[in-house]
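A short write-up of the structure that comes next.
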Amino acid sequence: MRRLGSKIVGIDLGTTNTALAYFDGILKKGVCCTNSDGSLLTASAVTFFSEENVLVGNGARDSAVAYPDITATLFKRKMGIETDGITVNGITYSPQQLSAIVLKSVMNDAEEELGEKITDAVITVPAYFGTNRRRATMEAGMLAGLNVRGILDEPVAAIYNADSIGKLEGKNCLVVDLGGGTLDIVVAHVTGDSINEVFIDGDLNLGGSDWDAAFREYIRKEYLAGKQLGVEDEQELLIKTEMAKKRLSDKTETKFSVSTCEGRVDISLTRKEFEACTCGLLERVRIVLDRVRRMMSEKTDEREIDLIVLAGGATRMPQIRGLLDELFPGKNVSAKDVDCAVAKGAAAYARLLEAEEQPGVVKMFDNPEAKKLKRIAGRSYGISAYIAGTEEEKVWNMIYKNTCLPDRNEHVFQTRYANQKTARLEIYENNEDAYRAELEDSALIGELVLEINGDLPVGTPIYTTLTLDENGMLHAKGYEKTGQTEIETYIQTEALLEEGDLIAEQEQIATMLQVV
Ligand code: AMP
């Protein structure tokens, strides 16, 4: 029976795990596909035994210690920031390519389960991802051969999922999404027909894998001091530490043993020890949540959080629940399906996208609950310029993070020299609320070069406008009145590949997976 209620699937491309869900036309909600291991989650890990022999998923994650030089993990942290993910046998794979290999693998498994070809997807990203990282995620999808129909914020996807399970109408929801690699926070107000983002925050370098690393270091120091660990011992330690961490979410004590060159060592651990050695990480969560509380107290219309929605496997840790109880006492917490909530929510959103494109089909499948998304800016955007009479260059923010989209603002700059023939408008994004941001805290995302007609004096006004539309696309415009010159464009981060290369890459990625 054809259960697909939408041909667009939802994919949660996570730092540690990836999940793919489709919208079930009968159940009227997102459903996750199982992979070839029978699991709903596929580890975002790739081992290159050779150029054509690639292992993807949980097997690759477990090979990370035995084959560290040929195994790539946690590459989402480099997406859109670094061009190199891993170099194996002289071939460098970008984070986009590595992500595409994982995407292709989950697509293959889903096609097997559903008996249908997967062509289109909504891919989720941390709400906190800037423009370059979103673009890189889109390219990963394209490399996997997908039509990427949308890039959706992970916490917002979790709200779509929660809303498809129980009614959230009229509620202010705080989503706390702590996955393997990122902490992502969104506050949103849900109405009868829309999900309105209010606040976005997070920490892109904080996730369950950091708790694993801190716990491993503690175990090494307290239980394995003076012992040598071979490669296989290290691998055992890695896997067993994560398992112990998970057990300590349910129990207050756990035991395991690991092999060392000096023989097996019995290790007995308590939740207290785990929480003590990871308290610095919890503090980082507290810093972000404190910012949320501050923002809520400053807003006049959205003062109260009505519901906390949890997503991401690492929110199972009791210390996270404890912190939320401390900071938001007495609030209802929804912690259903934290592993798959994002992928399922992305599938529900994908269904909405398709319905919008085919209004006739909406009626047939009708899903009147599907809500429109009203976004806010996840970052601030501005143009760099020198402070008058100095050599000091700053970013002059024009669109501020957390303002409702669309947003449009103007700023007048001045030429620095007499007879200046060009004005370079460099556009940056950053995380600052302030009018001026430091260049080193900002990322360059594009530039416009305005040609100037005539010999104009120093201090000639250059009128600039930045517009961020409701889809988060940034439009920039520069204008000089006297010589009547104007330049404008949508800011696109640079594409990874030319179209011809893209097709070659797509074919290569498809072949790699056929021979595994
Ligand atoms: P996700 O990206 O949502 O798949 O989250 C993966 C992270 O959640 C990994 O770091 C896991 O170790 C962690 N995780 C999953 N289950 C648990 C659990 N029961 N207790 C603590 N952490 C968990």
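Note that the numbering runs from 1 along the sequence shown for the chain.
- When side chains are defined from C-beta on, M79 counts as touching Q96, because their heavy atoms get closer than 4.5 Å.
- A side chain to side chain donor-acceptor pair (under 3.5 Å) with Y128 is found for exactly one of D203, N431, D153, T182, namely N431.
- Separation of atoms CD1 (I376) and CG (D407) is listed at 11.5 Å; rounding is to 0.5 Å.
- Minimum interatomic distance between S94 and Q97 (heavy atoms only, all atoms of both residues): N-OE1, 2.7 Å.
- In this structure, the side chains of L289 and F328 come closer than 4.5 Å at one or more pairs of heavy atoms.
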Subject >> Audit row: K104, E111, salt bridge (Lys or Arg N to Asp or Glu O under 4.0 Å) steps and yes/no >> reply: CA-CA 10 Å; K104 190 74 191 163; E111 283 173 0; 5.6 Å; no
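- Aromatic rings from Y93 and F75 are positioned such that their centres are separated by 6.0 Å or more.
- Here the CG atom belonging to L20 is positioned 4.5 Å from the CD1 atom belonging to I11, to the nearest 0.5 angstrom.
- For the salt bridge (Lys or Arg N to Asp or Glu O under 4.0 Å) with D201, the qualifying choice from R284, R291, R293, R379 is R291, the only one to do so.
- A donor-acceptor pair under 3.5 Å is absent between the side-chain atoms of R133 and the main chain of P126, judged by distance alone.
- Distance CG/N397 to OH/Y428: 12.5 Å, rounded to 0.5 Å.
- Contact detail for L178 and G207: the closest heavy-atom pair is CD1-CA, 4.0 Å.
- Taking a cutoff of 4.0 Å between a charged side-chain nitrogen and a carboxylate oxygen, K421 and E451 do not qualify as a salt bridge.
- Across all their heavy atoms, H189 and V198 have their closest contact at N-CG2, 3.9 Å.
- Proximity of a side-chain donor or acceptor of S442 to a complementary backbone N or O of N430 within less than 3.5 Å is not detected.
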Subject >> Evaluation steps, side-chain hydrogen bond (donor to acceptor under 3.5 Å, both in side chains), between D193 and T191 >> reply: CA-CA 5 Å; D193 57 11; T191 69; 3.2 Å; yes
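- Side-chain contact between L444 and E426: present, with at least one pair of heavy atoms (C-beta onward) separated by less than 4.5 Å.
- Between Y349 and T124 there is no side-chain heavy-atom pair separated by less than 4.5 Å.
- At a threshold of 4.5 Å between non-hydrogen side-chain atoms, the residues I123 and L103 count as touching.
- Here the side chain of E298 pairs no donor or acceptor atom with the backbone of M295 at under 3.5 angstrom.
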**OP:** Check the pair M398 / T464 against side chain to side chain contact (heavy atoms under 4.5 Å, CB included), numbers first and verdict last.
**Re:** CA-CA 10 Å; M398 293 161 68; T464 63; 3.4 Å; yes
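- Contact detail for I8 and V122: the closest heavy-atom pair is CG2-N, 3.8 Å.
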**OP:** Go through the steps for E480 and Y463 under the test side chain to side chain contact (heavy atoms under 4.5 Å, CB included), then give the verdict.
**Re:** CA-CA 6 Å; E480 191 287 302; Y463 299 86; over 6 Å; no
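- Between N132 atom CG and I445 atom CD1 the span is 7.0 Å, to the nearest 0.5 Å.
- Between the side chains of T42 and T18, no donor N or O sits under 3.5 Å from an acceptor N or O.
- A donor-acceptor pair under 3.5 Å is absent between the side-chain atoms of W211 and the main chain of L281, judged by distance alone.
- Side-chain atoms of T467 do not come within 3.5 Å of backbone N or O of R408 as any donor-acceptor pair.
- Taking both residues in full, the closest heavy atoms of C33 and Y22 are given as SG-CD2, 3.7 Å, listed atom of the first, atom of the second, then distance.
- For the pair L204 and F129, the minimum side-chain heavy-atom distance is below 4.5 Å.
- Looking at R77, its side chain does come within 3.5 Å of a backbone N or O of G181 through a donor-acceptor pair.
- Checked for salt-bridge contact, E429 and K401 miss the test: no charged N lies under 4.0 Å from a carboxylate O.
- The minimum heavy-atom distance linking N161 with A341 is given by the pair CB-O, 3.3 Å.
- Ring orientation note: the planes of H411 and Y435 are tilted relative to one another, at an angle of 30° to 60°.
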**OP:** Start with the C-alpha gap between D120 and E354, add the side-chain angles, then the distance that decides, and say whether side chain to side chain contact (heavy atoms under 4.5 Å, CB included) holds.
**Re:** CA-CA 10 Å; D120 295 52; E354 193 165 69; over 6 Å; no
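- A donor-acceptor pair under 3.5 Å is formed between the side chain of D184 and the backbone N or O of A127.
- The OG atom of S44 sits 12.0 Å away from atom CD1 of I101, with the distance rounded to the nearest 0.5 Å.
- When side chains are defined from C-beta on, S209 counts as touching L74, because their heavy atoms get closer than 4.5 Å.
- Each of T71, D69, I86 was compared with F48 under the side chain to side chain contact (heavy atoms under 4.5 Å, CB included) criterion, and only I86 meets it.
- Side-chain atoms of Y160 come within 3.5 Å of backbone atoms of K371 as a donor-acceptor pair (strictly under, hydrogens ignored).
- Counting only heavy atoms from C-beta outward, the side chains of S334 and L307 approach each other to under 4.5 Å.
- Proximity of a side-chain donor or acceptor of K7 to a complementary backbone N or O of T119 within less than 3.5 Å is not detected.
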**OP:** Check step by step if salt bridge (Lys or Arg N to Asp or Glu O under 4.0 Å) holds for K76 and E154.
**Re:** CA-CA 14 Å; K76 179 172 168 182; E154 286 160 10; 2.8 Å; yes
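- Rounded to the nearest 0.5 angstrom, D163 CG and C173 SG are separated by 8.0 Å.
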Original post:
Can you list the steps and then say if Q420 with T460 is a side chain to side chain contact (heavy atoms under 4.5 Å, CB included)?
Top reply: CA-CA 9 Å; Q420 195 171 316; T460 299; over 6 Å; no
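- Using modelled atom types, one side-chain atom of N402 and one backbone atom of I200 make a donor-acceptor pair closer than 3.5 Å.
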